[in-house]
2 protein chains.
Amino acid sequence: MGLSKTEIFTDKQNQIAQYAKVFGHPARVAILQYLYKLNACVCGDLVDEIGLAQPTISQHLKELKQLGLIKGNVEGTSVCYCIDADNWKRMKEVMSEFLNQDLNQNDCC
Amino acid sequence: MGLSKTEIFTDKQNQIAQYAKVFGHPARVAILQYLYKLNACVCGDLVDEIGLAQPTISQHLKELKQLGLIKGNVEGTSVCYCIDADNWKRMKEVMSEFLNQDLNQNDCC
DNA sequence: TTTATTCATTGCAATATTACGATTAACTTC
DNA sequence: GAAGTTAATCGTAATATTGCAATGAATAAA
């Protein structure tokens, strides 16, 4: 069906999945890494940096923006993007809690 | 196209995306959380625990197994699953490095 | 040996994702 | 205003994902 049954899972589980999903494409990972690498916003050169067509980049940016991980500002003809530090921190807390679960089980398998 | 252009990204970026993708579905998140919650392997009751049909669960387990995050052992008629602690740790290192990037940029947007 | 039980696999329908050409919108500059 | 620049949106093709009924395989119980 391609349609996840989100209603049978907890909010937390859906939230984790939603964050993870957006990281589930190398282009979005690359965009975020690039935004981090720079000491400032990216204005324009993302299409050259990542090797995808402009509409494709724009689409990936939209998904990142919808989750709040980046924010953009219109700056004349171009749009500047950067990481939304507050939301990134919030995301990190949710993901860390999931990734850092304590493993107190016997390795019985 | 639905087909990611993995060849234009680094191995690291693809690896992060691959891990994230598998966490990008609440059923797989729920399965992993359940495996962690128990102090032992899960033998059988996953279908009752998560609210999806048996073939669907089986498919999600397969994806988790393919990435090495869980391992399973045949135990009579049932199969027992548990977290693969070593691989989980390896995954955690990769994901943490990505999530914990230092934010030394000016918040110019 | 028959009958359950349990999980994997197959096949398929519905929906989602990825990518990009074409176009549009908004702004600059001439 | 006309022309150029940049990024968003639209439309569409190709592929992936999700979910489950049906079936199969393997073992256990009778």
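So you know, we letter chains A, B, ... as the sequences are listed, proteins then strands, and number each from 1. Heavy atoms only: backbone and side chains are in, while hydrogens, waters and symmetry mates are out.
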Quick one: side chain to side chain contact (heavy atoms under 4.5 Å, CB included) partners of B:S58, sequence neighbours excluded?
B:Q54

Residues forming a side chain to side chain contact (heavy atoms under 4.5 Å, CB included) with A:K92, sequence neighbours excluded
A:W88, A:S96, B:L99, B:N100

Looking at B:Y81, does any N or O in its side chain come under 4.0 Å of the phosphate oxygens OP1/OP2 on C:dA8?
yes

Rounded distance [0.5 Å steps], CG in A:L64 versus CD1 in A:I70:
4.5 Å

Considering every strand and a 4.0 Å limit on heavy-atom distances, what is the contact class for A:K21: base, sugar-phosphate, or nothing?
sugar-phosphate

Return the value, rounded to whole Å, for the distance between atom CD of B:E63 and atom P of C:dC7.
18 Å

Between atom NE2 in A:H25 and atom P in C:dA16, what is the gap in whole Å?
18 Å

Contact residues, residues 47-60 of chain A to DNA chain C [heavy atom, < 4.0 Å]
A:L52, A:A53, A:P55, A:T56, A:Q59, A:H60

Calculate the interatomic distance between A:L46 atom CG and D:dA7 atom C1'; express it in whole Å.
11 Å

For B:L64 and C:dC7, give me the distance from atom CG to atom P, rounded to whole Å.
16 Å

All N/O donor-acceptor pairs, side-chain side in residues 17-33 of chain A, below 3.5 Å, sequence neighbours left out:
from  : atom 1 : to    : atom 2 : distance (Å)
A:H25 : ND1    : A:A27 : N      : 2.9
A:H25 : NE2    : B:S4  : OG     : 3.1
A:R28 : NE     : A:V22 : O      : 2.7
A:R28 : NH1    : A:H60 : ND1    : 3.0
A:R28 : NH1    : A:E63 : OE1    : 3.3
A:R28 : NH1    : A:E63 : OE2    : 3.3
A:R28 : NH2    : A:K21 : O      : 3.4
A:Q33 : OE1    : B:Q13 : NE2    : 2.8

Taking CG from A:L61 and P from C:dC20, how many angstroms apart are they, rounded to a whole number?
14 Å

In whole Å, I'd like the distance from the CD atom of A:Q18 to the P atom of C:dA16.
14 Å

Along DNA chain D (nearest heavy atom to each residue), the more 5'-positioned of A:K5 and A:K62
A:K62

Residues forming a side chain to side chain contact (heavy atoms under 4.5 Å, CB included) with A:K12, sequence neighbours excluded:
A:T10, A:Q15, A:I16, A:E97

Does anything in residues 50-62 of chain A pair up under salt bridge (charged side-chain N to carboxylate O under 4.0 Å, His left out), and if so which pairs, sequence neighbours excluded?
none

